[in-house]
There are 2 protein chains.
Amino acid sequence: MYSQTEENYLKALFNLGNHKGEVNVNELSRELDLKMPTVNSMMKKLAEKGLIHYESYKPVRLSEKGKKEAALIIRKHRLTEMFLVEKMGFGWDEVHNIAEQVEHIQSPEFFAKMDELLGFPKIDPHGSPIPDQSGKMAWPEYIKLSECKAGDTVRFRAVTHSSDEFLKFLNSRELLLGTIIHIQSVEPFDNTFTVSYGNRASAMLSHIAAEKLLTEKVS
Amino acid sequence: MYSQTEENYLKALFNLGNHKGEVNVNELSRELDLKMPTVNSMMKKLAEKGLIHYESYKPVRLSEKGKKEAALIIRKHRLTEMFLVEKMGFGWDEVHNIAEQVEHIQSPEFFAKMDELLGFPKIDPHGSPIPDQSGKMAWPEYIKLSECKAGDTVRFRAVTHSSDEFLKFLNSRELLLGTIIHIQSVEPFDNTFTVSYGNRASAMLSHIAAEKLLTEKVS
DNA sequence: TATAAAAGTTAGAATAATCTAATAATTATA
DNA sequence: TATAATTATTAGATTATTCTAACTTTTATA
Ligand SMILES: [Mn+2]
Ligand SMILES: [Mn+2]
Ligand SMILES: [Mn+2]
Ligand SMILES: [Mn+2]
């Protein structure tokens with residue numbers, strides 16, 4: 001199959017290519033913490049293998065084959081995170097780095113068993129959808145908290161980035177997935193949000209933080 | 001830390017060096033399915049890193065440091081096998097290849113959690129002892145079934161080699177760890193054992209098979 | 001003990017993944 | 001649009017791991 005290295009490139013391409021699916025060599029090199037020439041040669045190799053579309057000086061795009069491969073690795077990553085949280089008792093802020101390694105294990109049975117023990121979950125502990133066995137995955141139409149306005153009531157559904165520090169920050173504010181948040185006001189100067197939720201009558205969230213929270217309108 | 005490759009060499013050295021602790025380049029190359037010159041250069045590298053004692057044309061021995069590193073990888077392997085069997089529902093014949101990969105994961109927390117969820121087990125699903133966190137491990141004084149004689153009654157405690165085929169063979173004979181075996185007779189010509197156990201009044205075991213079963217005398 | 005076989009080593013090459021330095025193309029800016 | 005900054009590519013080197021072919025040492029055998 002593909003090497004661990006190649007798999008990490010595919011995953012990064014998938015994650016960076018959100019909308020148009022285009023990724024610059026430069027972005028990719030920042031994401032993977034590798035020099036541009038390193039990434040450049042890997043692009044040629046992945047193109048050779050039919051995993052990406054690549055033309056000199058143009059942004060790179062995953063091929064259908066590449067997309068599917070990437071989604072299947074992301075599936076293993078997210079199933080692992082879910083298993084670590086639900087079946088092993090880890091916190092949602094402790095699982096990413098372990099999953100980063102476990103995702104490369106070659107054993108369909110291993111992940112099938114996780115899936116089964118978890119009852120075929122559809123989302124991971126950070127609210128991200130888990131691709132199905134054919135690599136298909138759909139994001140519900142979530143709205144960033146930062147795009148909501150005073151008076152709105154929303155349910156916190158997912159985080160856009162799941163760095164340990166950010167998740168620990170949310171832990172410290174008792175902001176869990178599923179929490180219903182009322183937006184009291186938005187400071188026009190710096191877009192700081194004043195919100196209430198759970199037993200917190202009034203809490204402040206910077207725009208930076210609010211941008212990373214994906215929510216769903218509550219009627 | 002050490003590369004996956006280096007870890008696999010250390011483990012093979014540990015497993016092959018049973019008694020005297022000496023391992024020939026040739027044995028190691030067969031075990032790892034690599035050519036001798038490949039192993040030879042790795043021996044120089046491991047010696048450089050202080051993991052083995054190496055002199056030209058002499059068998060290799062793990063250093064104390066190398067022994068400890070190897071034992072800690074074996075600890076991760078065996079904890080993983082135990083976890084797969086006890087917590088995930090795999091059969092003892094399905095776990096080795098998965099553990100062969102999981103053993104390389106770098107996350108003390110991951111294995112500490114397994115250990116805790118398993119209640120700090122002392123043996124793996126094949127009856128092999130699990131080294132402790134400092135790398136110490138002791139084999140009880142088991143006796144190969146092949147070394148027992150007619151009339152002996154023993155308890156099956158461990159297998160010496162845990163290839164899938166052998167374990168499936170034991171499954172098909174309903175020979176599980178813990179089974180009490182009565183030796184009825186031993187054919188002098190080819191050392192075939194005739195035994196009884198569980199609800200099998202009379203079963204035959206070749207010398208080849210009997211050599212791979214470790215047992216304990218029952219008074 | 002002389003020869004043959006087996007085991008071990010050396011030399012040199014290949015592949016994967018990475019880097020630095022230099023160069024080229026594209027994009028932004030004055 | 002000319003120049004500067006950014007982005008991308010090429011060339012060449014490095015490290016890790018493996019290989020084949022040739023040679024050496026040790027061990028077994030006649
Ligand atoms: Mn993750
Ligand atoms: Mn990874
Ligand atoms: Mn095993
Ligand atoms: Mn291994």
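Throughout, a chain's letter reflects where its sequence line sits, starting with A, and its residues are numbered from 1.
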Quiz prompt | Donor-acceptor contact present, side-chain B:Lys76 to main-chain B:Phe111, <3.5 Å | solution = no
Quiz prompt | B:His207 side chain reached by B:Thr192 side chain, heavy atoms, under 4.5 Å | solution = no
Quiz item: Just by distance, with hydrogens left out, do B:Asn171 and B:Trp92 show a side-chain donor and acceptor under 3.5 Å apart?
Solution: yes
Quiz item: Could you state the CG-P distance from A:Asn8 to C:dA16, rounded to the nearest angstrom?
Solution: 17 Å
Self-check item: Interatomic distance where NZ belongs to A:Lys49 and P belongs to C:dT15 [whole Å]
Solution: 13 Å
Self-check item: Spacing between A:Asn24 atom CG and D:dA8 atom C1', to the nearest angstrom
Solution: 10 Å
Quiz item: Nearest-Å distance, CG (B:Leu28) to C1' (D:dT18)?
Solution: 14 Å
Quiz item: What's the OH-P distance between B:Tyr2 and D:dT15, to the nearest Å?
Solution: 19 Å
Practice problem: Take atom CD of B:Glu6 and atom C1' of D:dA16, then tell me their distance rounded to the nearest Å. | Solution: 9 Å
Could you run down the sub-3.5 Å N/O contacts of the protein with nucleotides 18-25 of chain C?
{"residue": "C:dT18", "atom": "OP2", "partner": "A:Tyr9", "partner atom": "OH", "Å": "3.3"}
{"residue": "C:dC19", "atom": "OP2", "partner": "A:Lys35", "partner atom": "N", "Å": "3.1"}
{"residue": "C:dC19", "atom": "OP2", "partner": "A:Thr38", "partner atom": "OG1", "Å": "2.5"}
{"residue": "C:dA25", "atom": "O4'", "partner": "A:Tyr57", "partner atom": "OH", "Å": "3.4"}

Exercise. State yes or no: are the ring centers of A:His126 and A:His161 separated by less than 6.0 Å?
Key: no
Quiz item: So, A:Glu64 and A:Lys67, do they make that salt bridge, N to O below 4.0 Å?
Solution: yes
Quiz item: Closer than 4.0 Å, any side-chain N/O of A:Ser56 to the OP1 or OP2 of D:dA8?
Solution: no
Quiz item: Is the distance from OP1 or OP2 of C:dT9 to the nearest side-chain N or O of B:Lys44 less than 4.0 Å?
Solution: no
Exercise. Give me the ring orientation class for A:Phe169 and A:Phe166: parallel if the planes are under 30° apart, tilted from 30 to 60°, perpendicular past 60°.
Key: parallel
Quiz item: Does a side-chain N or O from B:Asn26 land closer than 4.0 Å to OP1 or OP2 of C:dA6, or not?
Solution: no
Quiz item: Contact class for B:Asn40 (heavy atom, under 4.0 Å): base, sugar-phosphate, or nothing?
Solution: base
